[in-house]
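Given the structure is predicted, the values throughout are model-derived calculations rather than measurements.
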Amino acid sequence: AQSVAQPEDQVNVAEGNPLTVKCTYSVSGNPYLFWYVQYPNRGLQFLLKYITGDNLVKGSYGFEAEFNKSQTSFHLKKPSALVSDSALYFCAVRALYSGAGSYQLTFGKGTKLSVIP
Amino acid sequence: GAGVSQTPSNKVTEKGKYVELRCDPISGHTALYWYRQSLGQGPEFLIYFQGTGAADDSGLPNDRFFAVRPEGSVSTLKIQRTERGDSAVYLCASSNTGEWDEQFFGPGTRLTVL
């Protein structure tokens with residue numbers, strides 16, 4: 001079974017400072033990893049994904065994430081946080097194979113990011 | 001272009017009643033997914049459609065839950081004999097082919113069972 005852990009329920013960061021939201025995963029075989037953001041009363045918005053290649057992937061709104069296979073981690077980062085980045089962030093994983101069950105995304109519980117002005 | 005839409009946005013019902021939740025995917029997307037998000041949790045997979053057929057329904061919690069997608073576009077999630085534990089936000093997502101494309105989510109339907 002695949003799983004995702006987001007060890008921090010909440011992350012607070014000052015505006016302009018770098019931010020990191022942590023994610024570790026467990027999956028059979030190679031992972032296909034995602035970050036989504038959820039604003040209040042709105043659906044999940046896709047930020048970025050990692051499937052293969054460069055371990056540092058860049059996404060929307062200046063976010064990036066670093067894949068680390070040995071640590072089974074996929075931490076979300078941004079060099080300079082904005083107040084508008086305050087939201088709920090979800091890491092998700094699926095298995096990198098075709099076939100039954102492979103299309104299911106497994107999500108973490110989410111991390112609430114608060115950027116303080 | 002238009003994103004995934006879901007109706008209603010809120011549904012309040014009584015225990016034991018039947019409800020239907022509707023999802024309109026992004027035009028041209030062949031893959032459609034339903035997830036359920038309980039308070040304080042991440043979304044949990046329910047069912048996946050590729051075209052008209054349910055390719056994976058392993059996440060449906062029991063036989064009170066059923067979903068259809070008769071023409072390969074709009075999907076309806078149906079819940080019979082609702083229970084208070086069914087209260088959650090039901091999210092629909094679609095993707096271009098379902099193979100390696102990211103899933104795009106709708107705003108969800110908040111279901112409250114009294």
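Of all the listed residues (B/Gln41, B/Arg110, B/Gln6), the one sharing the greatest number of non-hydrogen pairs under 4.5 Å with chain A is B/Gln41.
Between B/Pro43 and A/Phe90 there is a side-chain heavy-atom pair separated by less than 4.5 Å. In this structure, B/Gln37 and A/Phe107 have side chains that are not in contact, with every pair of non-hydrogen atoms separated by 4.5 Å or more. In this structure, the side chains of B/Tyr33 and A/Leu105 stay at 4.5 Å or more apart for every pair of heavy atoms. In this structure, A/Phe46 and B/Phe105 have side chains that are not in contact, with every pair of non-hydrogen atoms separated by 4.5 Å or more.
By the rule that hydrophobic residues join a cluster once side-chain heavy atoms approach within less than 4.5 Å of another member, A/Phe63 and A/Val93 end up as members of one cluster. No continuous path of hydrophobic side-chain contacts links A/Phe34 to A/Val21 [ILVMFWY only; heavy atoms under 4.5 Å]. Under the 4.5 Å side-chain contact rule for hydrophobic residues, B/Leu32 and B/Leu21 share a cluster.
Across every non-hydrogen atom of B/Glu102 and A/Tyr32, the tightest pair is N-OH, 4.3 Å.
Annotation: the span from A/Gln104 atom CD to B/Leu46 atom CG amounts to 9.5 Å, rounded to 0.5 Å.
Residue B/Leu114 places its CG atom among more than 12 non-hydrogen atoms of other residues, nucleotides or ligands, all under 6.0 Å distant. Atom OH of B/Tyr18 sits in a crowded spot, with more than 12 heavy atoms from other residues, nucleotides or ligands closer than 6.0 Å. Open room surrounds CD on B/Glu14; 12 or fewer heavy atoms of other groups in view lie less than 6.0 Å from it. B/Phe65 CZ: more than 12 foreign heavy atoms inside a 6.0 Å radius.
Contacts between B/Glu44 and chain A at a heavy-atom distance below 4.5 Å are absent for every atom of the residue. Only the side chain of A/Ile51 comes within contact range of chain B, judged by heavy atoms closer than 4.5 Å. Residue A/Gln38 touches chain B through its side chain alone, counting heavy-atom pairs closer than 4.5 Å.
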